[in-house]
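Just so it is clear: chains get the letters A, B, ... in the order the sequence lines come, proteins before strands, and each one is counted from 1.
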Protein chains: 2
Amino acid sequence: MVTLAEVAQHAGVSASTVSYVLSGKRSISLGTKERVERSIRELGYHPNAGARALASSKSNVIALMVPLRTDMYVPVMMEIAIAVATTARAHGYDVLLLTGEEGAPAVRRVTGSGLADAMIVMDVELDDERLPLLRAGDRPSVLIGLPADTDQLTCVDLDFTAAGALCVEHLAGLGHRDIAVIGEDPAVYERHTGFAERTLDGLRTRARDLDVRLLHRPSVGGYDAMAATLARIFDERPATTGFVVQNESAVEPLLALLRQQGRAVPEDVSVLAICPDQVALQASVRLSSVSIPAEEMGRQAVERVMAKLQAGGEGGVRLLAPELTVRASTGPVSR
Amino acid sequence: MVTLAEVAQHAGVSASTVSYVLSGKRSISLGTKERVERSIRELGYHPNAGARALASSKSNVIALMVPLRTDMYVPVMMEIAIAVATTARAHGYDVLLLTGEEGAPAVRRVTGSGLADAMIVMDVELDDERLPLLRAGDRPSVLIGLPADTDQLTCVDLDFTAAGALCVEHLAGLGHRDIAVIGEDPAVYERHTGFAERTLDGLRTRARDLDVRLLHRPSVGGYDAMAATLARIFDERPATTGFVVQNESAVEPLLALLRQQGRAVPEDVSVLAICPDQVALQASVRLSSVSIPAEEMGRQAVERVMAKLQAGGEGGVRLLAPELTVRASTGPVSR
DNA sequence: GAGAATGGTTGAAGCGCTTCGAAAACATTG
DNA sequence: CAATGTTTTCGAAGCGCTTCAACCATTCTC
């Protein structure tokens with residue numbers, strides 16, 4: 001293992017000079033700079049991360065807490081995680097992967113040990129046990145998702161309330177008066193995950209405004225469950241002509257069942273999804289959808305962390321505006 | 001930030017004693033041990049990771065390189081990643097998330113800097129640029145997947161060759177003589193990812209043995225592509241009665257299209273998938289399948305890393321035996 | 001009851017780096 | 001050319017921990 005001292009000796013300068021060449025925190029003459037850089041290359045020097053962290057009390061690592069549950073759509077999580085890792089690298093940071101299961105102790109451990117300089121937390125619950133620690137703010141943190149009380153917190157998320165409203169607007173604009181909402185797994189609501197409830201809020205409020213009847217049904221994924229759910233819906237509201245789906249694993253079963261029942265999409269019923277574009281495009285009907293900008297969320301989270309680390313960063317909530325793309329699954333209601 | 005020295009002072013012992021209490025590397029009297037542990041708790045002490053890494057030249061971190069491509073089934077990747085993180089934590093290690101995109105330089109950076117003590121690499125290609133570095137073996141490494149030359153390497157993977165063979169056996173045993181294989185995205189084959197080719201090997205070899213005709217068609221996911229692929233298959237081999245699918249995003253389109261064409265599963269055609277159990281269970285027909293033991297792979301990879309870190313670990317390839325579960329999508333061929 | 005073995009504890013060195021204050025080298029000015 | 005300013009380089013301290021050699025106090029052995 002090559003050390004700074006060896007590089008210094010090889011280049012005929014002192015250790016501190018090498019350090020300053022590396023960090024650029026002091027001006028170095030062009031000559032020595034090049035000499036040092038050549039030595040670094042020739043010796044294959046890599047600064048020791050531990051020593052660096054110790055001396056500078058910065059680890060150049062940010063921790064990412066991902067949920068380990070699988071009742072939410074996994075590709076979205078993964079896309080966020082990848083975006084976080086990629087963006088962090090672009091800033092010279094590495095990413096430490098933490099599972100949400102460890103909860104608050106993990107937060108304490110990581111911030112306490114200086115393993116990471118900052119933390120990004122995904123899938124926060126409305127009243128999450130980790131919030132007090134993050135608020136205490138020994139280290140900067142950014143949440144992806146929105147808890148109930150965002151005071152002193154920095155959050156990034158899709159504006160699900162607006163997304164819900166947008167869905168109702170779109171369908172109402174097409175003349176739909178009875179809309180069924182196929183929601184996430186009941187477990188998601190029971191956990192009081194923010195996004196699910198906020199979507200519902202947006203849906204309901206706008207439905208009231210626009211005089212639309214709304215029926216909300218959480219649903220686990222899969223065909224059997226969906227079949228039962230769908231039967232109940234048409235039983236209760238036979239006039240239903242519009243569907244809003246916020247559950248990736250319910251999309252395809254819903255479409256298949258509708259087809260099977262002889263209800264054409266979008267002629268007889270319209271289906272609008274809140275899902276990643278990829279899902280909307282790969283479905284058996286190209287779905288009109290409000291997209292989940294996973295990558296954008298991951299990137300923004302990192303950018304905000306960086307801003308906070310450089311002390312210029314402001315807290316507060318940043319909600320991404322939802323975007324609705326009309327594809328082939330929604331159309332005017334037939335009389 | 002509380003330091004070891006402060007704990008020592010608080011407990012009325014020397015710093016080294018505290019260190020030994022923490023590491024257990026020397027015997028400590030019960031009395032002082034308890035006194036130290038109380039001080040640690042009272043002061044809320046967390047050892048500084050950087051200082052530890054520096055002094056002991058072990059970071060207690062293992063790096064995990066995940067592919068950033070999305071042409072493979074993401075939930076499997078995620079499940080492996082989570083299993084790795086969870087298992088690593090159980091051994092007192094943290095996980096650093098690296099994207100495959102960074103390639104060999106990332107390997108150099110991480111091993112060179114001592115950021116991680118070991119490395120787990122997912123999605124290796126048959127002739128991967130990272131292999132020479134991993135073989136050089138400054139640090140222990142474990143691959144999830146199998147390159148062409150496994151010499152001096154430690155690998156964990158599903159035995160895809162056996163999986164392929166198993167598929168043919170099962171279908172041949174049911175009387176199927178013409179089998180079509182719906183493969184991964186062509187890009188996967190072009191990249192020469194090991195598992196896809198090995199599966200094909202197993203399929204072909206056993207097909208030859210059992211006198212079964214095999215038609216292999218890579219396929220991107222989605223309905224349109226699948227429709228075209230399926231048409232070509234029945235065009236070329238009208239007698240096809242069995243399908244082996246190794247592409248999660250082709251499963252549902254295939255089932256839907258078969259249904260649409262009036263071919264009943266499993267009465268008219270049998271469909272056998274190589275996919276995670278969850279996919280097999282959530283499909284519109286409960287699929288007979290060879291499961292991808294993602295979690296098991298992640299766990300095993302970590303266990304092997306740990307073994308190597310404790311110097312007792314042996315290299316070599318460990319292949320997990322495939323398991324075929326018969327569900328509702330395969331049956332005897334109809335005359 | 002002297003000497004050896006054992007268990008418990010300590011002080012000090014050092015891991016490889018950053019960073020501060022100051023020295024050295026050079027350039028600028030009256 | 002002495003005095004001053006500026007740029008470049010250096011030495012040394014110290015970050016918080018591990019670990020080695022050494023020490024002291026017991027207990028054991030014959």
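Heavy atoms of A:S23 sit nowhere under 4.0 angstrom from any nucleic acid atom. Within 4.0 Å (heavy atoms only), A:L54 reaches at least one base atom of the nucleic acid. Residue A:S19 is classed as a base contact, given a heavy-atom separation below 4.0 Å to a base. As judged by a 4.0 angstrom heavy-atom cut-off over every strand, B:T3 is placed among residues touching the sugar-phosphate backbone only. Residue contacts shown for A:S57 are absent, as no nucleic acid heavy atom lies under 4.0 Å away.
Spacing between atom NZ of B:K58 and atom P of D:dC17 amounts to 16 Å, rounded to whole angstrom units. If you take CG of B:L115 and C1' of C:dC17, they are 14 Å apart, rounded to a whole angstrom. Taking atom CG on A:L30 and atom P on D:dT8, their separation rounds to 10 Å, with Å as the unit. If you take CG of A:N48 and P of C:dG14, they are 18 Å apart, rounded to a whole angstrom. The distance between atom CD of B:Q9 and atom P of D:dC17, rounded to the nearest whole Å, is 14 Å. In this structure, B:D117 atom CG and C:dC15 atom C1' are separated by 15 Å, rounded to whole Å. Per the geometry, NE2 belonging to B:H46 stands 19 Å off C1' belonging to D:dC15, to the nearest Å. Between A:L22 atom CG and C:dT19 atom P the separation is 12 Å, expressed in whole Å.
Defined by atom type and a distance below 3.5 Å, a donor-acceptor pair is present between the side-chain atoms of A:S14 and A:T17. In summary, the side chains of B:D117 and B:S59 do present a donor paired with an acceptor at a separation below 3.5 Å, with no hydrogens or angles considered.
For a distance-only test at 3.5 Å, the side chain of B:Y20 qualifies as a donor-acceptor partner of the base of D:dC20. Scanning atom types as modelled, one donor and one acceptor separated by under 3.5 angstrom connect the side chain of A:R26 and the base of C:dG21. Side chain B:S16 to base C:dG11: a donor-acceptor pair is found below 3.5 Å.
Look at A:K25 and you'll find a side-chain N or O under 4.0 angstrom from OP1 or OP2 of C:dT19. OP1 or OP2 of C:dT10 sits under 4.0 Å from a side-chain N or O of B:S14. Between B:T17 and C:dG8, a side-chain N or O to OP1/OP2 separation shorter than 4.0 Å is absent. Taking side-chain N and O atoms only, A:S29 has a distance below 4.0 Å to OP1 or OP2 of D:dT9.
Comparing B:A55 and B:K33 along DNA chain C, the residue whose closest nucleotide (by nearest heavy atom) sits nearer the 5' end is B:K33.
Put simply, the residue from A:V13, A:I28, A:L22 that forms a side-chain contact (heavy atoms from CB on, under 4.5 Å) with A:V36 is A:V13.
Put simply, the side chain of B:R304 gets close to the backbone of B:G315: a donor and an acceptor are under 3.5 Å apart.
One distance of note links CG of B:L131 with CG of B:D151; it measures 11.0 Å at 0.5 Å rounding. Rounding to the nearest 0.5 Å places CD1 of A:I120 at 12.0 Å from CG of A:L96.
Candidate nucleotides D:dT9, C:dC17, C:dG8 were compared by shortest atom distance to the side chain of A:L4, and C:dC17 ranks first.
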